[in-house]
Amino acid sequence: MIEKFKNNESTVLNHLSQEEKLAWLMKEYGNEVIRIAYTYLKQEQLAEDVAQDVFIKCYEKLDTFRNESSYKTWLISITVNKCKDVLKSWSYRNLVITDFIREYLIPYNKVQQGLVDKKELLSNKVIELPLKLREVMILYYYQEFTIEEISDLLGVNPTTVRTRMHRGRLKLEESFKGVSFHE
């Protein structure tokens with residue numbers, strides 16, 4: 001199925017100019033790139049900045065794309081690497097505490113008040129996972145990549161991906177103990 005999609009994608013893009021390819025890729029995958037960046041960085045503005053950097057790099061490297069993967073996989077790989085660079089940077093590690101308060105305590109208060117639906121609560125819990133667990137959960141469940149694709153994307157063994165997914169599921173299960181939902 002992915003091979004079929006990759007071929008359709010290449011067919012669509014082959015006849016376009018570099019600028020038209022970029023526009024198509026941004027329209028097609030822009031929201032996914034931002035969502036993935038957000039799951040890593042937990043800040044909307046930072047995720048949008050990373051997405052912009054991803055598409056700038058994409059534009060610069062479009063002529064060297066070898067069609068060994070789909071454009072989607074390529075863009076997500078660039079996104080993951082950019083996010084990891086940001087997470088290692090001094091400026092990210094020294095952000096103000098108000099971001100933490102806005103991102104975590106406010107959603108937690110909504111949960112306490114019963115104002116969050118199940119999907120939003122699950123999304124918040126996934127985002128709270130440690131990075132290595134969070135990234136495989138997002139790529140597998142939200143982006144629907146296979147274990148092998150995730151392994152290639154992250155440069156780790158498929159067994160490592162499975163282990164991280166298992167640990168992520170356990171942590172999610174643990175975080176939902178004692179939570180009741182009001183219908």
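Side chains included, hydrogens not; waters and symmetry mates left out as well; all remaining heavy atoms used.
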Peer 1: Under 6.0 Å from the CD atom of Glu148, do we count more than 12 heavy atoms belonging to anything else shown?
Peer 2: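 Count over threshold, so yes.
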Peer 1: Report the relative orientation of the aromatic rings in Trp24 and Tyr29; use parallel for angles under 30°, tilted for 30 to 60°, perpendicular for over 60°.
Peer 2: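 Plane angle over 60°, so perpendicular.
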Peer 1: Can you list the residues that meet the side-chain contact (heavy atoms from CB on, under 4.5 Å) rule with Lys82, with sequence neighbours excluded?
Peer 2: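 By the side-chain contact (heavy atoms from CB on, under 4.5 Å) rule, Lys82 matches Val50, Asp53, Val54, Lys57, Ile78.
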Peer 1: For the residue pair Tyr141 / Arg169, report whether a side-chain donor-acceptor contact shorter than 3.5 Å exists.
Peer 2: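 Yes - a donor-acceptor pair under 3.5 Å links their side chains.
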Peer 1: Donor-acceptor check, side chain of Thr160 to backbone of Val156, threshold 3.5 angstrom: yes or no?
Peer 2: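 No, Thr160 side chain to Val156 backbone: no donor-acceptor pair under 3.5 Å.
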Peer 1: How long is the straight-line distance from NE2 of His166 back to NZ of Lys171, given to the nearest 0.5 Å?
Peer 2: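 If I round to the nearest 0.5 Å, the distance is 12.0 Å.
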Peer 1: Got a sec: does the NZ of Lys132 have more than 12 other heavy atoms crowding it under 6.0 Å?
Peer 2: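 It does not: Lys132 NZ has 12 such atoms or fewer within range.
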Peer 1: Do Leu87 and Leu154 share a hydrophobic cluster, counting only Ile, Leu, Val, Met, Phe, Trp and Tyr and linking them when any side-chain heavy atoms are less than 4.5 Å apart?
Peer 2: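 Result: yes, single cluster for both.
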Peer 1: Using modelled atom types and a 3.5 Å cut-off, is there a donor and acceptor pairing between side-chain atoms of Arg134 and backbone atoms of Tyr40?
Peer 2: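 It does hold such a pair.
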Peer 1: Does a side-chain N-to-carboxylate-O contact under 4.0 Å join Glu20 and Lys27?
Peer 2: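 Result for this pair is no, no salt bridge flagged.
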Peer 1: Using modelled atom types only, decide if a donor and an acceptor are shared between the side chain of Ser151 and the backbone of Ile147 within a distance under 3.5 Å.
Peer 2: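 Side chain of Ser151 to backbone of Ile147, a donor-acceptor pair under 3.5 Å: no, none is there.
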Peer 1: Does Cys83 reach the side chain of Ile36, with side-chain heavy atoms less than 4.5 Å apart?
Peer 2: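 A side-chain contact under 4.5 Å is absent here.
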Peer 1: For the atom pair CD (Glu174) and NZ (Lys125), what is the distance rounded to the nearest 0.5 Å?
Peer 2: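 Here the interatomic distance stands at 10.0 Å.
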Peer 1: What's the spacing between Arg35 CZ and Thr79 OG1 if we round to 0.5 Å?
Peer 2: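 If we round to the nearest 0.5 Å, Arg35:CZ and Thr79:OG1 are 12.0 Å apart.
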Peer 1: Just wondering, do Glu149 and Asp152 contact through their side chains at under 4.5 Å, heavy atoms?
Peer 2: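 Not touching, per the 4.5 Å side-chain cut-off.
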Peer 1: Does one side chain, of Glu19 or Tyr59, offer a donor that lies under 3.5 Å from an acceptor on the other?
Peer 2: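 A donor-acceptor contact under 3.5 Å links the two side chains.
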Peer 1: Are the side chain of Glu48 and the backbone of Gln45 linked by a donor-acceptor contact shorter than 3.5 Å?
Peer 2: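 Flag not set: sc Glu48 to bb Gln45 has no pair under 3.5 Å.
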Peer 1: Evaluate the side-chain proximity of Leu25 to Leu62: yes if any heavy-atom separation is below 4.5 Å, no if none is.
Peer 2: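 Leu62 vs Leu25: side chains touch.
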Peer 1: When you group the ILVMFWY residues by side-chain heavy-atom contacts below 4.5 Å and let the links chain together, are Ile34 and Phe55 in the same group?
Peer 2: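 No, because Phe55 and Ile34 fall into different hydrophobic clusters, even though each may have its own neighbours under 4.5 Å.
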Peer 1: Between Met26 and Phe65, is there a shared hydrophobic cluster once you connect ILVMFWY residues whose side-chain heavy atoms come closer than 4.5 Å?
Peer 2: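 Looking at the clustering, Phe65 is in the same group as Met26.
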Peer 1: Closer than 4.0 angstrom, basic N to acidic O: yes or no for Glu135 and Arg164?
Peer 2: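 Yes, this pair counts.
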Peer 1: Are Val126 and Thr39 side-chain neighbours, meaning at least one heavy-atom pair lies under 4.5 Å?
Peer 2: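 Answer no - side chains too far apart.
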Peer 1: For Leu75 and Lys72: C-alpha separation, side-chain torsions, deciding distance, then whether side-chain contact (heavy atoms from CB on, under 4.5 Å) applies.
Peer 2: CA-CA 5 Å; Leu75 287 170; Lys72 177 181 177 180; 5.9 Å; no
Peer 1: Aromatic contact between Phe145 and Tyr140, with the criterion being ring centroids under 6.0 Å apart: yes or no?
Peer 2: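 Aromatic pair excluded; centres sit 6.0 Å or further apart.
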Peer 1: Where is the tightest heavy-atom contact between Gly168 and Met137, given as atom of each residue plus distance?
Peer 2: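 So the minimum-distance heavy-atom pair works out to C-CE, 4.0 Å.
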Peer 1: Taking side-chain contact (heavy atoms from CB on, under 4.5 Å) as the definition, give me every residue that meets it alongside Leu153, ordered by chain and number, with sequence neighbours left out.
Peer 2: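 Leu153: side-chain contact (heavy atoms from CB on, under 4.5 Å) contacts with Thr73, Ile76, Ser77, Leu139.
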Peer 1: Does the Lys42 side chain pair with the main chain of Ile127, one donor and one acceptor, at a distance under 3.5 Å?
Peer 2: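 It does hold such a pair.
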Peer 1: Any side-chain heavy atom of Cys58 sitting closer than 4.5 Å to one from Lys21?
Peer 2: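 A side-chain contact under 4.5 Å is absent here.
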